[in-house]
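Below: one structure, written as structure tokens.
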Amino acid sequence: MASHAIVETTHEENYLQYKGRHGGLWSWIFSTDHKRIGILYMIGMFAFFVVAITLGLLMRLEQLTMGPTIMQPSTYNKVFTLHGVIMIFLFIVPGITATFGNFFLPIQIGAKDVAFPRLNLFSWWLYVIGAVTALVAVFTGMADTGWTFYVPYSVRTGTNVTLAVLAAFILGFSSILTGLNFVTTVHRMRAPGMGWFRMPLFVWGLYATAWIQVLATPVVGITLLLIILERTLGIGIFDPALGGDPILYQHLFWIYSHPAVYLMVLPGMGVVSEIIPTFARRNIFGYKAIAYSSVGIALVGTLVWGHHMYTSGQSYTAAVVFSFLTFLVAIPTAIKVFNWVATLYKGSIRVELPLLYAMAFIFHFSIGGFTGLMNAAISVDVHIHDTYFVVGHFHYTMFGGTVFAMFGALYYWLPKMFGRMYGQKIGITAFVLQVIGFNMLYFTMMVMGYMGMPRRYYDHLPQFHDGHIIATVGSWFLVAGLFLMIGNLVWSVFKGAKAEDNPWGGTTLEWQIPSPPPLENFDKIPQVERGPYEHTPVEVSK
Amino acid sequence: MSQHTESVVAHKHPSDFVGAKIGMWLFLFTEVLLFGGLFLLYAVYRAKYPVDFHLAATELDTFIGTVNTLLLLTSSLTVVLSIEALQRGNRKLSIGMLATTILFGLGFMVNKYFEWGHKIEHGLYPGSEKLLSHSQGEITFFQLYYAMTGLHGLHVLVGMAVLGGVLYFIARKPVNKEHMNPTILRRFQGAARLAVISDNGNELGTVARIDEDVRNIDIRISYEHGEKRFDPRNLIKLENSALYWHLVDVIWIFLFPLFYLIT
Amino acid sequence: MQHEHHDPAAHEQALHGLGYGIYILIWIGLVVLTGVTVAIAGVDVRQLAVLVAMLVASVKSTLVMAYFMHLKYEPPVFRWMFLVLLVTFAIFMILLFSDVLFRSSPNVLFG
């Protein structure tokens, strides 16, 4: 196996054993070590992930029968709001960036830490404060607006929107700080010889993501602040009675929230770009094309927010412009998919769980992408806007895409992070359950949406009943797969078999150091002399 | 071994000043876009209600606005002079200029206080009956006025607090303590010596051998007698805080004509 | 490449020697421009007023950023990043106005 840089490895204390000035819990929650912060994020995020999965399961249960099943309509409104708020702001926005990004970005570029370690810790604390604020909001009359907080309803409703919005604002600030930390890290901390085009593609994904975090998040920040101002001080900038324009709220909201979906998926695409060359045991096909397409997606992603507003009352001109620009996003995305598949072609493929998840990502994300183009076409979207079709579409991209990539990353990097191997058989069982359940649930939702089932409705008409039963049963498979996987991973972290330093034959820098990584990653900053995915050619015998 | 020592200390306090400034600029970008959202709204509403905006702007006092503009511009000058003075090792002048900057900021806020107070006294505030009797465009103008100048005022206050913190750092006795962590120290024990190395790599002297008995290393750095009588880390603190202060000024440079000069 | 500016001493050197004078000069320029923009606002130039006011404000903020904020003396990456910011904001403004300017008119592209 090729080691593409000389990395001295001494078996000193690893980051898990390190005690620091304070022992125990303190050495974690006040640690400025990027690896520990990554794991702190992971613990927090997965706790909320489990909560939000449960909420989703409850929503599906409610739809199992017509009429009231297990909750009242007002509860249903709060449940879908909470499901969205948690999944978006507490789980998938920090997502791969805050967990694996924090852990592996410095290692992959050959640095000892991020550019601003203390700021990194601060952004985790902001995440915690935001999470606590959200929890307080839940117990003081959770908002029932949906995660989008659209005015004028979010201003008029009697539920506690102010706190929920404040939580989102704080979490946004946390995200901004991570973003500016990562941009600076990539610019300033690369090891000698680590030129821009020797960076692993995961780093490229994170870099593009970090720019979106820095440039788009503040806009939603001010928008959310304006809701708070309107609710508390009566500064009704979006209030039509006071000369305001509620559509502007939607503009400002989506100026962030559309780029935000690329902010969620780009690191996932980066993960897939890591997994595929490792398990195909060959250099990635079209390195530069994938790197540029990450930046391209980030750029085009900021131009398309209006496609959420075809039926909101924006001008036809804007709708046509936004529709056209939205179709453009398909180009860089397709470039990536093409290159991934081309990398597999004639590769020496080793099928392991990370690769299975990467394959699932490509499959789901392609469906999500194609249905995205359907949504982008104005004439189609006018009919399917605010139906289950849209819900199915974004779950295909966000869940089937990003979250599956995140699971792939978990399996891929688990041996590195904890020095333990996961349980293979249970892992595969969980994977199969997830894929079956996922497609049963969300494909059925798309079909129902196309037939006219509106989103966010408490009840449904008889013609959708069969579909709802299939979807709900699918959700059971999915949730079973998820809990099986989480249990398996937790077990593996503590009880799994000892893993080698480089079990997959990976070529990027994190595989050149011990597992778990030592406190400061590298004893000596490596000198990088090769591209990230240069596998030695496989010997072919006749 | 000196390589290691260097890296351990550098890790705790990154001396990459350019990196620190890139981080600060990126933070300023987020501030620009935070206000940017409001500027977007202003632009749209102004295009919608051009006449009402002109009418409403006559209620604002151009004189106070101009005075405040001059205060902030001058404070931008004094803070940059403070940096220059610190670079030249003139700590006293630096401190004086920094204090002046904070005073100008205070002056700005006092002005703002009276300006807002005057408006509120006359019943011109969001939700007031008097304001609601105006046209929709005028109401929107005043809502934007309070939101934008309010957010800006908040930034002036934060800027003053930050500059005050830096003032404290520069004014206090310039001594630094470095503490080397025992865990890291263990790596060197028995196989290392402690040396003082100058910026250009010359070894100025060997202080001690690190043998098994050494449990802690504390380094005291006094800048009192050095050629530059300040802690170089204070310079980047001052520069980054000054960047923030200038940004507050730049935002006001745009707010001023948009609210006061469109009569 | 990324180590080009690592040396804090070299960095200080780069900023040294600007002197107090240039800052005072820039400040005088800023005060004069403030006077100009206030004076012009008094004259009735109607539509042009906003344009002129924004132009003056842009010149003033450019001066502040280039000299007071040292953007002129920093490595090029600072200016590139600033350009990214400006382009982003311009995109937001243009696309937003593609809606609000044509709100009441029929589709101008495919009427």
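Proteins get letters first, then strands, A, B, ... in listed order; numbering begins at 1 in each. On a predicted model such as this, the values are computed, not experimentally measured, just so you know.
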Close contacts, residues 103-111 of chain B versus chain C, judged by heavy atoms under 4.5 Å: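 None at all.
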Residue-level interface, residues 241-250 of chain B with chain C, non-hydrogen cut-off under 4.5 Å: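 Against chain C, the residues of residues 241-250 of chain B that fall inside the cut-off (heavy atoms, under 4.5 Å) are B/Leu243, B/His246, B/Leu247, B/Asp249, B/Val250.
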Minimum heavy-atom distance [X]-[Y], with the two atoms named:
{"X": "C/Phe68", "Y": "B/Leu73", "answer": "CE2-O, 4.4 Å"}
{"X": "B/Thr69", "Y": "C/Thr34", "answer": "CG2-CG2, 3.8 Å"}
{"X": "C/Met54", "Y": "B/Pro257", "answer": "CE-CG, 3.9 Å"}
{"X": "B/Phe39", "Y": "C/Met93", "answer": "O-CE, 4.4 Å"}

Is [X] close to chain B through its backbone or its side chain, or both, or neither, when contacts mean heavy atoms under 4.5 Å?
{"X": "C/Val77", "result": "side chain"}
{"X": "C/Val38", "result": "both"}
{"X": "C/Ile26", "result": "neither"}
{"X": "C/Phe82", "result": "both"}

Side chain from CB out, backbone as N, CA, C, O: work out which of these in [X] comes under 4.5 Å of a heavy atom of chain C, or both, or neither.
{"X": "B/Phe256", "result": "side chain"}
{"X": "B/Ser76", "result": "both"}
{"X": "B/Leu93", "result": "side chain"}

Please output the side-chain donor-acceptor pairs of residues 26-34 of chain B that fall under 3.5 Å, not counting sequence neighbours, one pair per line with the distance.
from: B/Thr30; atom 1: OG1; to: B/Phe27; atom 2: O; distance (Å): 2.5
from: B/Glu31; atom 1: OE1; to: B/His155; atom 2: NE2; distance (Å): 2.5
from: B/Glu31; atom 1: OE2; to: B/His155; atom 2: NE2; distance (Å): 3.3

Working for side-chain contact (heavy atoms from CB on, under 4.5 Å), residues B/Trp25 and C/Leu71: CA-CA 10 Å; B/Trp25 271 97; C/Leu71 205 51; 3.6 Å; yes
From CG (C/Leu30) to OG1 (B/Thr74), nearest 0.5 Å: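 It comes to 9.0 Å.
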Interatomic distance, C/Tyr67 atom OH to B/Leu77 atom CG [nearest 0.5 angstrom]: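 It is 15.0 Å, given to the nearest 0.5 Å.
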For B/Ile102, all residues meeting side chain to side chain contact (heavy atoms under 4.5 Å, CB included), sequence neighbours excluded: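 Listed in chain order: B/Met160, B/Leu163, B/Leu167.
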Pairs of heavy atoms under 4.5 Å with chain B: top-ranked of C/Phe92, C/Phe89, C/Tyr20: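 Between C/Phe92, C/Phe89, C/Tyr20, the count favours C/Tyr20.
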Top of B/Ile22, B/Ile262, B/Thr66 for chain C proximity - count of heavy-atom pairs under 4.5 angstrom: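 Ranked by heavy-atom pairs under 4.5 Å with chain C, first place is B/Ile22.
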Note, B/Val80 side chain near C/His70 side chain (heavy atom, < 4.5 Å):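 Side-chain contact under 4.5 Å: yes.
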